[in-house]
2 protein chains.
Amino acid sequence: MSFARFKREAAISRQDICREMLASHRAAIKIQKEEVAIRNLERIYDATLRVSNQKGFQAMTMRDLSRASGLSMGALYDHLASKEELLEMIQSTGRRLTSRILKESYASVEDPGGKLAAAIRTHLYLSEAMQPWFFFSYMEARHLGDKEKQLAKQSEQRTERVFAGIIRQGNKQGAFNEADPNLTAAVIKAMVQDWYLKRWKYAKRRISVDRYADFVIKATLGCCAGINGAGKEAGA
Amino acid sequence: MSFARFKREAAISRQDICREMLASHRAAIKIQKEEVAIRNLERIYDATLRVSNQKGFQAMTMRDLSRASGLSMGALYDHLASKEELLEMIQSTGRRLTSRILKESYASVEDPGGKLAAAIRTHLYLSEAMQPWFFFSYMEARHLGDKEKQLAKQSEQRTERVFAGIIRQGNKQGAFNEADPNLTAAVIKAMVQDWYLKRWKYAKRRISVDRYADFVIKATLGCCAGINGAGKEAGA
DNA sequence: CTAAAAAGCGAGCGAACGTTCGCTTTTTTC
DNA sequence: GAAAAAAGCGAACGTTCGCTCGCTTTTTAG
């Protein structure tokens, strides 16, 4: 599996994201026709991530967003109830979408080493395909309301539990060498996050997501691998 | 070296930080007597990190800061020129202080394995001792002006170059067998950052900084180690 | 083609922001 | 203890914020 193939197969377009956004927030959006609403939501979604990821969501004014999206203030507010809801809308929709894709992607692999490799690779590829959202989601989580903030934390912990579960299984089967599953999962998560949080760094060094994935997988399996070896990666 | 000992020896009190802050921004601070200025700067420093790390610097109003610090709006502005300068003041002072401490701390160790372990451990211990500042520095860097933003990036890259340099040296001496020093340094940095960015996670699981340091060092050396072994840690 | 419905618009509203300044209180000096 | 200096104060200022609403333009329906 390479990133090019992942992107082709996963096919998560902005249009899909915005269709999901419209469906889950239908009441707050005044625009009647789905086609019109989605087209403009795409511009709003793009502009929000572009401006926010540069200066922060709190620092982005609705006038900034109006300019960046090409919509007037009035038209903007026909597509969202408030600035606060815009944040919640983008976060919750992205969360729902990403967790669905992740769940589907590595369920089929069986041997622990291959499963761990597939999980790491899929996380990295997905975060690459939706990098602006991942960055936004991480940096702006603390501006959410208490309830949504809790959901964001839960979502993050669920990811770690996936890694930890695979490692625990590998330990039990003797494929891994009894590394601490929780701590190992935590540092895997840290390495994955660094990819989308510090993209400029890796871009400058011309490191592709494929190469980064290879490196993280090698490092992880190097630490986990038991005597009967788990260094080879399954096809996913 | 344990964290308890590090904290005793390094002795970086808020008073030291604020004395440095006053000295480097003397012109912008209207208060004449050093003792008074430092005492109040400590309250401002504490309050800024406390409120900012919860809701973000941009979302923190000067009235929030007045309330949290116990100083009136007028008194506040006798200790800083503007909100923007307050951000720059905290960031640049912390940067100067931390880089000075880091430089001194592992220069003495010689063998590559011990040196890498000491570097990782010191970074973790320092980030633990000044956790609020490290978190603040990471999250609010993008609100800095262009010039200061550049300095913050440089400071981060310098840290990574320290790790990469030690690994390269270890490769040359045959202690390490690491094909990619730059990527390894990057993921070490990522693991260190996760400690102060996700403290709540580790606190909830009751993982001490000492245990986390042991884990990161073991994982790193496990990946790097060459034939003549570098798993043992020097006393530092 | 026309009338109704939908979408788009931007000046203007009250609230809240960062910052100031004339005044009071506290501390220092002689 | 009186005069001078320093520190502390908070109402008020101009600006900018999120958001609204009456109006115009575009699209749809008959």
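Quick note on labels: first sequence line is chain A, next is B, and so on, each numbered from 1.
Look at A:Tyr77 and you won't find any side-chain N or O under 4.0 angstrom from OP1 or OP2 of D:dT20.
Atom CD of A:Glu9 has more than 12 heavy atoms from other residues, nucleotides or ligands within 6.0 Å. Heavy atoms from other residues, nucleotides or ligands lying under 6.0 Å from CZ of B:Arg26 number more than 12. Applying the 6.0 Å contact sphere to NZ of B:Lys7 captures no more than 12 heavy atoms from other residues, nucleotides or ligands.
The two residues A:Gln58 and A:His143 come nearest to each other via the heavy atoms NE2-CD2, 3.4 Å.
Screening A:Arg205, A:Lys204, A:Lys198 against B:Glu160 for a salt bridge (charged side-chain N to carboxylate O under 4.0 Å, His left out) leaves a single residue, A:Arg205. If you run salt bridge (charged side-chain N to carboxylate O under 4.0 Å, His left out) between B:Arg95 and each of B:Glu148, B:Glu88, B:Glu156, only B:Glu148 comes through. For the ring pair (Phe, Tyr, Trp, His ring centres under 6.0 Å) with A:Tyr196, the qualifying choice from A:Phe134, A:Trp133, A:Phe135 is A:Phe134, the only one to do so.
Rounding to whole angstrom units, CG of residue B:Leu80 and P of C:dG18 are separated by 12 Å. We find that CG of B:Leu86 is positioned 12 Å from C1' of C:dG18, with the value rounded to whole Å. In this structure, B:Arg67 places its CZ atom 15 Å from C1' of C:dG18, rounding to the nearest Å. One interatomic measurement links the two molecules: NZ of B:Lys83 to P of C:dT20, which rounds to 15 Å at whole-angstrom precision. In this structure, CD of B:Glu85 is placed 15 Å from P of C:dG18, rounded to the nearest angstrom.
In this structure, the side chain of B:Asp78 does not engage the main chain of B:Ile31 through any donor-acceptor pair within 3.5 Å.
For B:His123, the ring pair (Phe, Tyr, Trp, His ring centres under 6.0 Å) partners are B:Phe163, not counting sequence neighbours. Every ring pair (Phe, Tyr, Trp, His ring centres under 6.0 Å) that A:Tyr212 has, sequence neighbours left out, goes to A:Trp195, A:Tyr202.
Listed by first and then second residue, the ring pair (Phe, Tyr, Trp, His ring centres under 6.0 Å) pairs involving residues 3-41 of chain A are A:Phe3-A:Tyr125, A:Phe6-A:Tyr125 (not counting sequence neighbours).
Using a 4.0 Å heavy-atom cutoff across all strands shown, A:Ser66 reaches no nucleic acid atom at all.
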Expected string for nucleotides 5-10 of chain C under the B/S/- scheme (protein heavy atoms, under 4.0 Å, primed atoms plus P, OP1, OP2 as sugar-phosphate) is -SSBBB

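Taking the screw axis at each terminus of the helix from C:dC1-D:dG30 to C:dC30-D:dG1 from five consecutive base pairs, the angle between the two is 20° to within rounding of 10 degrees.
Within residues 44-65 of chain A, the residues that have a heavy atom under 4.0 Å from DNA chain C are, in order of number, A:Arg63.
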